[in-house]
Amino acid sequence: MNTQDRLNFVNGAFAPAKDGAWLDDLAPATGQVIARIPRSTKADVDAAVAAAKTALPAWAKTPVAERAALLDRVADLLEARLDEIAEVESRDTGKPLALAMSLDIPRAISNFRFFADLVRTKTDDASMMADALNYTHRSPVGVCALVTPWNLPLYLLSWKTAPALAMGNTLVAKPSELTPLTASLLAEILNEAGCPPGVFNLVHGLGAEAGDALVSHPDVALVSFTGGTATGAKVAAAAAPQFKKLSLELGGKNPSLVFADCDFEKTVPGVTRSAFLNQGQICLCGSRILVERSIHDRFVDALLEELKAWKVGDPSDPATKIGAGISAAHRDKVEGYFNLALEEGGTIRCGGTRPPLPPPLRDGFFLEPTVITGLPATCRTATEEIFGPVVTVHPFDTEDEALQMANGTKYGLAASVWTSDLTRAHRVSQALESGMVWVNTWLHRDLRVPFGGVKASGVGREGGRNSLEFFSEAKNICVKLD
Ligand code: NAD
């Protein structure tokens with residue numbers, strides 16, 4: 001073991017994998033190994049689930065005020081270490097440090113504070129009959145498996161951990177093997193904040209090994225999974241026959257619908273940010289831009305102009321807006337789509353290449369932001385999730401055509417609509433097959449609202465009360481009144 005090793009956290013203690021195997025963790029900006037994590041097996045998962053099961057009765061009985069106080073202490077400790085945690089997140093993901101400082105870590109902090117407040121103030125439903133009172137009693141579900149992806153590591157883990165703990169569950173988290181570091185810092189912080197042993201457990205490792213063992217485990221009652229659609233299908237296949245509670249937050253190919261009556265000066269930067277923030281690696285990114293034909297060419301010119309300010313390079317440079325992609329394999333996948341787009345008749349209007357960067361960044365997984373035009377909206381490049389700094393732009397003539405294009409993929413996570421016609425905004429938003437729609441904005445998040453997708457983008461909703469309900473079992477109690 002060396003100082004760069006990060007450990008599992010099981011029953012309140014940090015430990016390597018039982019069989020001593022390790023995985024390397026790379027910095028996407030340099031391709032260099034920055035840490036090792038345990039390559040956990042079923043035996044490690046079994047130990048973590050057993051610890052969570054043992055800790056469950058006492059945590060479930062812990063008063064809500066005490067659970068909420070723990071979440072607040074976690075938020076305070078995260079806040080006190082914001083700079084350090086943001087630096088680790090940026091190094092582990094390749095994202096700009098400025099983004100981790102302004103978005104990822106502040107959002108993780110507010111997730112803990114938000115769910116502390118929500119669980120303190122939540123009320124339960126009651127329904128009166130003439131001769132009886134019905135009320136809903138909520139109890140914890142049990143041991144919960146939290147499986148998270150690499151694009152927003154701490155942000156998404158905190159989004160699940162906070163409501164799950166608030167409702168009295170005990171947890172086993174399996175973060176992405178590509179970005180494990182801030183999950184380990186969270187385990188440290190939960191421990192320091194006084195989280196009892198076994199209430200939060202962390203198992204590092206590969207999806208097909210530790211992840212599969214976790215979601216298949218008979219003592220896991222709930223699976224909250226965020227990741228790719230193909231993996232989501234495997235997780236559902238493992239969990240469904242055991243009737244586990246299941247939430248799947250999956251992939252997307254989100255449309256941005258730009259109408260000729262939009263506020264052009266605001267729409268161009270808004271749509272650009274939606275396409276390229278976090279290297280285009282946010283499940284909500286608008287990767288298909290549908291533009292009313294009368295402004296299509298002007299819009300594309302303005303998009304290309306706007307992108308000149310999106311500097312690619314060193315994630316620690318405050319001027320950088322596009323950092324490294326997550327891995328060499330992922331970069332190869334994205335580059336494969338550049339070739340496919342050309343085969344499908346598209347024109348690469350900017351990007352489509354690796355930026356020339358000096359060492360050590362030369363060995364990182366960077367790509368220039370890429371805009372592709374001239375593709376049919378039904379082709380593979382325009383309908384498959386690429387999850388990189390790439391957008392396709394397509395003209396449309398009518399609102400119906402725009403909706404047909406927007407709804408013409410297997411996904412349905414998020415969409416944005418850019419128009420100054422309020423009636424149209426409502427009409428189009430309601431007709432979109434999408435779990436979330438933003439009008440004249442994007443990633444404008446209120447933590448109280450339902451979050452999730454339709455079709456191949458997921459099953460279930462998290463966010464606000466939806467999270468508290470998902471992480472609890474509702475029981476109706478009917479009391480006869482004399
Ligand atoms: P992924 O599906 O490869 O991995 C996600 C997690 O699942 C990782 O921790 C991985 O180790 C684990 N895993 C892999 N195989 C598993 C298995 N058989 N059983 C259990 N766990 C397994 O996804 P990724 O590449 O890390 O993340 C990118 C994807 O996540 C994109 O498709 C993106 O759209 C999606 N995503 C969705 C949301 C959302 O809220 N809808 C948010 C972020 C990312």
Side-chain angles (χ1 to χ4, degrees), residues 23 25 28 37-40 42 45 92-93 95 103-104 107 111 145-160 172-180 182-183 202-217 220 223-240 244 246-254 277-287 325-327 329-331 333-334 384-388 409-415 434-436 443 445 450-463 466-467:
L23 293 167
D25 177 35
I37 55 165
R39 180 173 178 168
S40 305
K42 185 171 178 308
V45 170
D92 208 15
T93 57
K95 70 177 67 198
L103 180 76
D104 292 70
R107 178 52 200 282
N111 283 341
L146 311 182
V147 183
T148 45
W150 48 258
N151 62 331
L152 300 163
L154 187 65
Y155 175 129
L156 289 172
L157 181 57
S158 60
W159 181 237
K160 300 179 187 300
V172 180
K174 209 302 279 172
S176 170
E177 57 276 27
L178 299 175
T179 55
T182 49
L202 175 68
V203 179
H204 289 293
L206 298 173
E209 297 174 1
D212 182 56
L214 179 59
V215 300
S216 313
H217 199 292
V220 165
V223 176
S224 174
F225 173 83
T226 301
T229 294
T231 317
K234 289 186 197 159
V235 169
K244 297 175 191 297
L246 185 61
S247 156
L248 300 171
E249 303 284 357
L250 308 176
K253 185 75 174 179
N254 310 302
L277 194 71
N278 204 42
Q279 299 74 242
Q281 300 172 149
I282 299 181
C283 54
L284 307 165
C285 276
S287 52
I326 189 64
S327 64
H330 189 60
R331 181 176 58 185
K333 178 191 142 180
V334 177
E384 294 179 7
E385 185 182 48
I386 301 176
F387 217 55
T409 74
K410 68 175 183 176
Y411 296 107
L413 188 58
S434 180
M436 293 162 274
L443 202 63
R445 288 281 292 126
F451 181 97
V454 300
K455 303 199 292 190
S457 289
V459 175
R461 294 290 180 277
E462 296 184 8
N466 300 274
S467 293

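Both counts, for ligands and for their atoms, begin at 1 and track the order of listing.
Listed by number with element, the atoms of ligand 1 under 4.0 Å from a non-hydrogen atom of F451 are 40 (O).
Ligand 1 lies nowhere less than 4.0 angstrom from a heavy atom belonging to G458.
Contact of the K174 side chain with the L146 side chain is not registered, since no non-hydrogen atoms from C-beta on lie closer than 4.5 Å.
In summary, K95 and D104 engage in a salt bridge, as defined by a charged side-chain N under 4.0 Å from a carboxylate O.
Counting heavy atoms under 4.0 Å from ligand 1, residue P175 touches it through the backbone alone.
Of the protein's non-hydrogen atoms, the one nearest atom 37 (C) of ligand 1 is L250 O, 3.0 Å. Ranking the protein heavy atoms by distance from atom 20 (C) of ligand 1 puts G211 C, 3.2 Å first. Scanning all protein heavy atoms for the shortest distance to atom 28 (C) of ligand 1 gives F387 CE2, 3.7 Å. In terms of protein heavy-atom proximity, atom 12 (C) of ligand 1 is nearest to V147 CG1, 3.6 Å. For atom 26 (O) of ligand 1, the nearest protein heavy atom (residue, atom name, distance) is W150 CD1, 2.9 Å. Protein heavy atom at the shortest distance from atom 34 (O) of ligand 1 is E385 OE2, 2.6 Å. Of all protein heavy atoms, the one closest to atom 6 (C) of ligand 1 is T148 O, 3.5 Å. Closest to atom 23 (O) of ligand 1, if we only count protein heavy atoms, is G228 N, 3.3 Å.
Remark: ligand 1 and C283 share no N or O pair separated by less than 3.5 Å (distance only, no angle test). In terms of polar-atom proximity, N151 is not counted as a contact of ligand 1, lacking any N or O under 3.5 Å from an N or O of the ligand. In terms of polar-atom proximity, defined here as any N/O pair under 3.5 Å, T229 makes no such contact with ligand 1.
Heavy atoms only, all atoms of each residue included: K160 and S224 are closest at NZ-OG, 2.9 Å. When every heavy atom of P149 is checked against every heavy atom of L156, the shortest pair comes out as CG-CD1, 3.7 Å. In plain terms, the two heavy atoms of T229 and A456 that are nearest each other are OG1-O, 2.8 Å.
Within 4.0 Å of atom 4 (O) of ligand 1, not a single protein heavy atom is present.
In terms of the ring pair (Phe, Tyr, Trp, His ring centres under 6.0 Å) criterion, Y411 has no residue partners (sequence neighbours excluded).
In K455, the NZ atom is crowded: over 12 heavy atoms of neighbouring residues, nucleotides or ligands sit closer than 6.0 Å.
Heavy-atom proximity to atom 2 (O) of ligand 1, evaluated over V223, L156, T231, T226, is greatest for T231. If you check each of G252, G453, G207, P153 against atom 17 (C) of ligand 1, the one with the closest non-hydrogen atom is G207. For atom 11 (O) of ligand 1, the nearest non-hydrogen atom from the set E177, H204, E462 comes from E177. Taking only non-hydrogen atoms, the option from G251, S327, G227 nearest to atom 35 (C) of ligand 1 is G227.
Under the 3.5 Å distance criterion, with hydrogens and angles disregarded, a donor-acceptor pair is assigned to the side chains of E462 and S247.
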